[in-house]
Amino acid sequence: MKISCLKVGGRTIKTVVAVFLCLLTGIIRKSDTAFYAAIAAVLCIQRTSKDSFREAFNRAVATVIGGIWGMLILLFERNVWGIQFEVLRYLFLSVLLIPIINFSVLIKREKGTFLMCVVFLCITVTHGNDESPLAFGVARTLDTTISEKCSDFKI
């Protein structure tokens with residue numbers, strides 16, 4: 001049986017460093033959303049710096065769009081009409097994916113559709129009861145921007 005050494009490549013090292021920088025920035029900012037930046041860094045690191053920047057930019061745009069949709073719906077629920085029954089609220093949030101998906105097609109950002117939907121659901125489903133879900137939405141967007149910077153270094 002032959003055992004070969006695994007080589008650690010530049011992309012792997014960049015990913016590890018980017019994740020660490022995102023988490024370290026979270027400590028400095030006292031942010032509980034640095035985890036999202038770390039995930040974005042893992043997804044954004046590409047073979048070349050140019051490709052990493054393009055991926056990070058696309059993720060940032062999709063995050064902002066999904067975040068805006070999520071924050072608008074939370075504002076609507078808190079100030080106009082809140083759905084009391086959890087099943088009906090989840091149906092409402094699921095149906096709202098239709099305009100988000102159509103919006104991504106309209107603005108020709110189909111590659112970011114999944115992330116727009118994920119951010120929207122993250123904000124509305126998991127952070128809807130936060131004291132300040134708007135603050136979460138802003139922090140989530142800022143973290144994605146930070147991950148863009150963390151993933152744009154050369155090794």
Side-chain angles (χ1 to χ4, degrees), residues 11 14-47 49-153:
R11 186 173 173 184
K14 286 189 335 182
T15 301
V16 169
V17 172
V19 166
F20 176 71
L21 290 174
C22 288
L23 295 173
L24 181 63
T25 304
I27 291 171
I28 293 167
R29 288 182 44 235
K30 295 183 180 8
S31 169
D32 59 353
T33 58
F35 169 74
Y36 295 106
I39 291 171
V42 169
L43 296 172
C44 288
I45 297 292
Q46 301 295 314
R47 198 172 51 78
S49 230
K50 181 181 176 183
D51 291 343
S52 292
F53 180 77
R54 186 185 68 246
E55 185 68 26
F57 177 77
N58 289 337
R59 286 186 54 80
V61 169
T63 298
V64 168
I65 292 169
I68 289 170
W69 277 92
M71 288 185 284
L72 288 173
I73 293 307
L74 288 179
L75 284 171
F76 176 79
E77 285 183 321
R78 286 188 176 199
N79 297 304
V80 178
W81 182 56
I83 301 173
Q84 300 303 315
F85 297 104
E86 192 173 34
V87 172
L88 291 178
R89 182 171 186 268
Y90 287 164
L91 175 62
F92 174 67
L93 295 176
S94 298
V95 169
L96 284 174
L97 294 176
I98 295 169
I100 295 170
I101 293 167
N102 286 342
F103 182 74
S104 73
V105 172
L106 179 70
I107 64 169
K108 298 181 181 2
R109 291 275 179 190
E110 294 92 342
K111 287 185 178 181
T113 302
F114 79 95
L115 187 58
M116 290 176 204
C117 294
V118 166
V119 172
F120 169 77
L121 292 170
C122 181
I123 290 172
T124 57
V125 174
T126 63
H127 294 278
N129 293 324
D130 287 4
E131 186 174 321
S132 179
L134 297 179
F136 169 79
V138 170
R140 174 73 171 85
T141 303
L142 179 62
D143 283 336
T144 296
T145 305
I146 289 169
S147 72
E148 178 180 312
K149 298 301 179 199
C150 290
S151 65
D152 189 32
F153 63 89

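Along the sequence shown, the residues carry numbers beginning at 1.
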ask   = Which pair of non-hydrogen atoms, one from Ala41 and one from Cys22, has the smallest distance, and what is that distance?
value = CB-SG, 3.9 Å
inquiry  = Could you measure the distance from the CG atom of Leu121 to the CG atom of Leu93? Nearest 0.5 Å is fine.
reply    = 7.0 Å
query = Can you name the residues that form a side-chain contact (heavy atoms from CB on, under 4.5 Å) with Phe20, not counting sequence neighbours?
reply = Leu24
note = The side-chain contact (heavy atoms from CB on, under 4.5 Å) partners of Ile68 (sequence neighbours excluded) come to Val64, Leu72
request  = Kindly write out the residues that satisfy side-chain contact (heavy atoms from CB on, under 4.5 Å) with Ile65, not counting sequence neighbours, or none if the list is empty.
outcome  = Val61, Trp69, Phe103, Ile107, Met116
ask   = Between Asn58 and Arg109, what is the shortest heavy-atom contact and its length?
value = OD1-NH1, 3.0 Å
key: All pairs passing side chain to side chain donor-acceptor pair (under 3.5 Å) where residues 112-121 contributes a residue, at least two apart   = Ser104-Thr113
request  = To the nearest 0.5 Å, tell me how far Leu106 CG sits from Lys108 NZ.
outcome  = 7.5 Å
Atom pair CD1/CG of Ile28 and Leu23 - distance to nearest 0.5 Å = 11.5 Å
task = Could you walk me through whether Asn102 and Ile98 pass the side-chain contact (heavy atoms from CB on, under 4.5 Å) test, one step at a time?
result = CA-CA 6 Å; Asn102 286 342; Ile98 295 169; 3.7 Å; yes
inquiry  = Side chains of Ile123 and Ile73, heavy atoms from C-beta outward: is any pair under 4.5 Å?
reply    = no
request  = With rounding to the nearest 0.5 Å, note down the distance linking CZ in Phe76 to OG1 in Thr124.
outcome  = 13.5 Å
request  = Taking salt bridge (charged side-chain N to carboxylate O under 4.0 Å, His left out) as the test, write out the residues that go with Arg54, two or more places apart.
outcome  = Asp51
note = For Gln84, the side chain to side chain donor-acceptor pair (under 3.5 Å) test, sequence neighbours excluded, returns none
query = Looking only at heavy atoms, which two atoms of Ile100 and Cys117 are closest? And how far apart?
reply = CG2-SG, 4.2 Å
task = Show the numbers, then the answer: is there a side-chain contact (heavy atoms from CB on, under 4.5 Å) between Met71 and Leu74?
result = CA-CA 5 Å; Met71 288 185 284; Leu74 288 179; 5.7 Å; no
With Leu75 via side-chain contact (heavy atoms from CB on, under 4.5 Å) - residues at least two apart = Asn79, Leu134
